[in-house]
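Position 1 is the first residue of the sequence, and the numbers go up from there. One-based numbering, in listed order, for ligands and for the atoms of each.
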Amino acid sequence: MQHGATPDQVQRVVAVIEELGYHARPMPGKQRTAVGLVGNDGRVDASRLAALPGVQEIIHVSKPYKQVSREWQEESTVIRLPGGVAVGGTEIVVIAGPCSVENEKQIIETARRVKDAGAVILRGGAFKPRSSPYSFQGLGRPGLALLAKARDETGLLVCTEAMDPEAVGWVAEVADIVQIGARNMQNFSLLKAAGRAGKPVLLKRGLAATITELLLSAEYLLAEGNRDVILCERGVRGFDATTRNLFDVSAIPVVQKLSHLPIIADPSHGTGHRDHVIPMARAAVAAGADGVMVEVHPSPDTALSDGAQTLYPAQFAQLMREIRVIADVIGRRVTEPAPVGA
Ligand code: PEP
Ligand code: MN
């Protein structure tokens, strides 16, 4: 809409979009209001809209995804979490914790140690998507309760995975961020449920997903009304088994050009070996990632899942020190945890 378009003019545009059989999404911005049109599966004849009073221009979104695109929204999305933590602004957030929640002592001790080193969000799966049915499947709901306890004791926010639409409600009750795992990136029923869960979602790139497919999956979440979506590059299947995955650092600037959504990096799953996690975390921050997610355990050698890629707490502290320096070079800052009780 033109700068200074009246609410009536915006309303008229909305009404015509609805008359044409589509849905309208008015988006008031700093300079002017945009009205998004969704529900079409091809180019829309916008001649009726172009002629309405107050309309400045018609922009056809050229990509198959819309609401996640920079054409739809030029300004980067900043997701505000409890405690003043923001994802997608100038600060870089660090999410750390074990692959799986194993027991109370393990999760509380991990939470304390990652917080001491500078993490602001605790990760840990209560529901685990495992390649083998005989591997540890996670503690389930009792694991969620332990995460809630770890948050109470440390003030860290909690990011944990939901694996099926039925469990999204339980996960969303506890989690500050609901994680959708790589294996579920195209589980469309789960995406729809997570889009309605009322909590921010961390969407991980699928094992063999293109960037377009990642953004289309994110579109499912926005289409359900959830605008708080964080994307996560965690590596894709490569041809070389030397690393667990091929960690696609270039996806970070590419996604940032195509989408206004924040993108973080998970170099733990990206490489599969703890010795490679620090260099790739540094690379991800240098490439512009809005955050880093890494696996940390007080004794990785006894971890019930993903021990080989899990950092020792001392390594995590080193990672934090190094990415603070890199953030500074590119005019950013790593978010620091608030003191307990603050
Ligand atoms: C995880 O974060 O522990 C996990 C299972 O990751 P991904 O879905 O990326 O494999
Ligand atoms: Mn893991």
Report, in ascending order of atom number, the atoms of ligand 1 lying under 4.0 Å from any heavy atom of [X].
{"X": "Q179", "value": "1 (C), 2 (O)"}
{"X": "C99", "value": "3 (O)"}
{"X": "R183", "value": "7 (P), 8 (O), 10 (O)"}
{"X": "G181", "value": "8 (O)"}

Angle at the Mn ion (ligand 2), SG of C99 to NE2 of H269, rounded to 10 degrees, please.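 Vertex at the Mn ion (ligand 2): approximately 170°.
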
Take the Mn ion (ligand 2) as the vertex and measure to OE2 of E295 and OD2 of D306; round to 10°.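 Result: 120°, to 10°.
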
With a cutoff of 4.0 Å, is [X] in contact with ligand 1, counting heavy atoms of the residue only?
{"X": "E295", "answer": "yes"}
{"X": "K128", "answer": "yes"}
{"X": "G125", "answer": "no"}

If you count the non-hydrogen atoms of other residues, nucleotides and ligands that lie under 6.0 Å from [atom1] in [X], is the total more than 12?
{"X": "H3", "atom1": "NE2", "result": "no"}
{"X": "H23", "atom1": "NE2", "result": "no"}
{"X": "Q31", "atom1": "CD", "result": "no"}

Quick one: does any side-chain atom of T335 pair with a main-chain N or O of V85 as donor and acceptor, under 3.5 Å?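 Not at all, since once roles are kept as given, no pair shorter than 3.5 Å links the two residues.
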
Counting heavy atoms only, which of G270, A182, S131 comes nearest to atom 8 (O) of ligand 1?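 Answer by nearest heavy atom: A182.
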
Run down the list R123, E161, Q309 and name the one with the heavy atom closest to atom 2 (O) of ligand 1.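 The option holding the nearest heavy atom is R123.
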
Looking only at the side chains, is there a donor atom on one of [X] and [Y] sitting less than 3.5 Å from an acceptor on the other?
{"X": "N40", "Y": "K66", "answer": "yes"}
{"X": "Q106", "Y": "T110", "answer": "no"}
{"X": "E74", "Y": "H260", "answer": "no"}

Salt-bridged, K204 to D266, with N to O below 4.0 Å?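 Salt bridge: yes.
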
Closer than 4.0 angstrom, basic N to acidic O: yes or no for D301 and R274?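 The answer is yes: the pair qualifies as a salt bridge.
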
Below 3.5 Å, N or O to N or O, backbone or side chain included: is there any such pair between R234 and ligand 1?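 Yes.
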
How far is atom 6 (O) of ligand 1 from its nearest protein heavy atom, and which residue and atom name does that atom have?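 Answer, as residue, atom name and distance: K204 NZ, 2.9 Å.
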
